[in-house]
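Reviewing the structure listed below.
On a predicted model such as this, the values are computed, not experimentally measured, just so you know. Letters A, B, ... mirror the listed sequences (proteins, then strands); counts begin at 1.
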Protein chains: 2
Amino acid sequence: MDKLAAQGIFREQLKKFVDLNEAEWIVFAQHLDFGAIKKKKFFAQPGTVCREIGFIVKGSVRYYHVKDGEEITGYFSFENEFVSSYKSYLTGLPGTNYIQALEDTELIIITHKSMEAMLANPVLGYKMEQFGRRVAEYYLICYEDRVSSFVTKTPEERYLDLLATGREILQRMPQHYIAHFLGITPVSLSRIRRRILIEK
Amino acid sequence: MDKLAAQGIFREQLKKFVDLNEAEWIVFAQHLDFGAIKKKKFFAQPGTVCREIGFIVKGSVRYYHVKDGEEITGYFSFENEFVSSYKSYLTGLPGTNYIQALEDTELIIITHKSMEAMLANPVLGYKMEQFGRRVAEYYLICYEDRVSSFVTKTPEERYLDLLATGREILQRMPQHYIAHFLGITPVSLSRIRRRILIEK
DNA sequence: TCAAAACGTTAACAAAAGATAAGGAATTTA
DNA sequence: TAAATTCCTTATCTTTTGTTAACGTTTTGA
């Protein structure tokens with residue numbers, strides 16, 4: 001895919017968050033970069049400040065954390081989703097996660113610098129604030145749901161929920177990543193699956 | 001406390017998120033309501049759309065969820081914090097949580113209607129988008145940290161973290177609320193406390 | 001002020017999850 | 001294509017958590 005095709009996809013998806021007219025889009029597009037990450041390479045690494053927000057046009061990434069030498073995969077992003085070490089991006093502090101491409105991945109990239117410039121741009125500023133607000137609100141809701149599932153549900157219930165919503169994760173991610181995403185060990189998820197099979 | 005005093009506090013705290021000049025503040029203040037909730041009364045209830053964002057100037061609230069007849073307290077808000085059933089507020093769908101005042105609580109209230117009006121107001125719109133963005137980003141980071149703690153930490157580690165950061169929660173909330181906040185039962189938290197005492 | 005309710009701890013038992021290891025299937029890669 | 005690696009399951013054992021109940025203390029509220 002080339003930059004222009006990627007921008008086309010991005011422009012379409014962007015409509016979920018902000019409505020840019022032709023003039024605004026042209027200025028906006030000038031601030032967009034295009035990037036590719038080879039499988040197993042990194043979008044972000046711990047100890048480094050994440051200065052970009054990516055929008056995945058092709059591929060997928062996982063967010064993971066190393067604890068006691070073990071990789072714990074906490075989240076994923078797929079096509080048409082944003083990817084960033086948000087806390088690091090927003091605070092300017094070093095991140096704590098790896099974000100790794102799970103396959104060859106192509107993205108539209110908005111650097112922090114570009115974003116700042118657009119926010120300060122009288123033509124685009126308002127729309128960029130709106131864009132930022134809506135994206136943050138969107139992810140806020142995702143996180144709210146996820147926190148809620150940890151507080152009020154058992155691991156088995158969380159897994160059944162995941163099955164019910166049939167998210168992409170199930171098809172595209174190995175089970176041990178899903179286990180950590182649910183907050184449990186791969187062995188435990190395997191047992192839960194067994195339990196469900198027998199019970200039904 | 002009267003409305004004016006409350007607005008004074010709010011205006012000061014607002015600076016964390018947006019910088020309003022005198023003219024902007026005057027228009028903004030016209031859209032603010034003032035409210036009081038008696039202890040044990042509700043700011044939000046499940047099945048009802050939450051159409052306000054509150055800013056607590058005095059008191060505190062807890063967010064809880066009823067599961068199998070039991071109340072599970074997932075979160076709290078204190079003075080100088082916002083309170084809302086965000087997902088419901090943002091989506092316009094009925095909420096799933098109770099938000100209950102833990103003591104007589106006073107708040108500045110921004111209704112959804114007021115917020116929409118301000119966002120559409122040419123004088124205030126830009127600043128309101130910025131305000132909304134920054135508040136959402138702030139809470140996004142809080143949630144990101146919390147999700148991360150569920151994925152990568154044991155309940156004991158989460159409790160030790162809470163002790164280390166010495167949050168208001170510890171002083172002001174009964175232990176069984178804290179337990180649910182950590183994603184465990186009150187009995188289990190009591191045991192964790194015992195373990196920590198013996199080990200150290 | 002006095003009864004009721006709420007709170008934290010502890011105990012006992014059941015259920016679930018973590019840790020470790022082994023084995024086989026599938027996938028990767030050299 | 002053969003060897004290595006990854007992945008999932010299963011088993012065993014340990015640790016932790018959930019559940020229920022009892023008890024004493026504190027707080028609440030009628």
Measure from the side-chain heavy atoms of Val187(A) and tell me the nearest of dT10(C), dC7(C), dT20(C). dT20(C)
Pairs in or reaching into residues 51-66 of chain A: which pass salt bridge (Lys or Arg N to Asp or Glu O under 4.0 Å), with residues at least two apart or in two chains? Arg62(A)-Glu71(A)
Describe the nucleic acid contact of Ser190(B) in one word from base, sugar-phosphate, nothing, applying a heavy-atom distance below 4.0 Å. base
Starting from P on dC8(D), measure out to CG on Leu189(A) and report it in whole angstrom. 9 Å
If we count only N and O atoms by modelled type, under 3.5 Å, do the side chains of Arg193(B) and Tyr159(B) hold a donor and an acceptor together? yes
Check the distance between dC7(D)'s C1' and Leu102(A)'s CG and give it to me in whole angstrom. 15 Å
Please report, rounded to the nearest Å, how far the P atom of dA6(C) is from the OH atom of Tyr64(B). 12 Å
What is the separation between atom CZ on Arg62(A) and atom P on dT6(D), rounded to the nearest whole Å? 11 Å
Minimum heavy-atom distance between Ser60(B) and Glu103(B), given as atom pair plus value: OG-OE2, 2.5 Å
Looking only at N and O atoms, is any donor in the side chain of Arg191(A) or the base of dG18(C) less than 3.5 Å from an acceptor on the other one? yes
Could you tell me how far apart Asp68(B) (CG) and dT20(D) (C1') are, to the nearest whole angstrom? 15 Å
Minimum heavy-atom separation for Phe131(A) to Leu14(A), with atom names? CE1-CD1, 3.4 Å
Any side-chain N or O of Gln175(B) less than 4.0 Å from the OP1 or OP2 oxygen of dA6(C)? no
When you measure from the side chain of Pro174(B), which nucleotide among dC7(D), dA17(C), dC7(C) comes out closest? dC7(C)
Check whether the side chains of Thr111(A) and Ser114(A) place a donor and an acceptor atom closer than 3.5 Å, and report yes or no. yes
Roughly how many Å is it from CD1 in Ile196(B) to C1' in dT9(C), rounded to a whole number? 15 Å
Does a distance-only test, which skips hydrogens and angles, find a donor-acceptor pair under 3.5 Å between the side chain of Arg194(B) and the base of dG8(C)? no
Output one line per pair: protein atom, nucleotide atom from nucleotides 26-30 of chain D, and distance, for all N/O pairs under 3.5 Å.
unit_1  : atom_1 : unit_2   : atom_2 : d
dG29(D) : OP1    : Lys40(B) : NZ     : 3.3

Between Arg193(A) and dT9(D), is there a side-chain N or O to OP1/OP2 distance below 4.0 Å? yes
Does Ser188(B) make a side-chain N or O approach to OP1 or OP2 of dG18(D) shorter than 4.0 Å? yes
Whether His176(A) contacts dC8(D) is assessed here as follows: a side-chain N or O lying under 4.0 Å from the phosphate OP1 or OP2. Is that the case? yes
Reckon Thr185(B) has a side-chain N or O less than 4.0 Å from the OP1 or OP2 of dG18(D)? yes
Looking just at side-chain N and O atoms, do Tyr63(A) and Ser85(A) make a donor-acceptor pair shorter than 3.5 Å? no
Considering every strand and a 4.0 Å limit on heavy-atom distances, what is the contact class for Pro155(B): base, sugar-phosphate, or nothing? sugar-phosphate
If you compare every side-chain N and O of Arg195(A) against the phosphate oxygens of dA17(C) (OP1, OP2), does one of them come in below 4.0 Å? yes
Pick out which of Tyr64(A), Phe76(A), Phe43(A) makes a side-chain contact (heavy atoms from CB on, under 4.5 Å) with Ile99(A). Phe43(A)
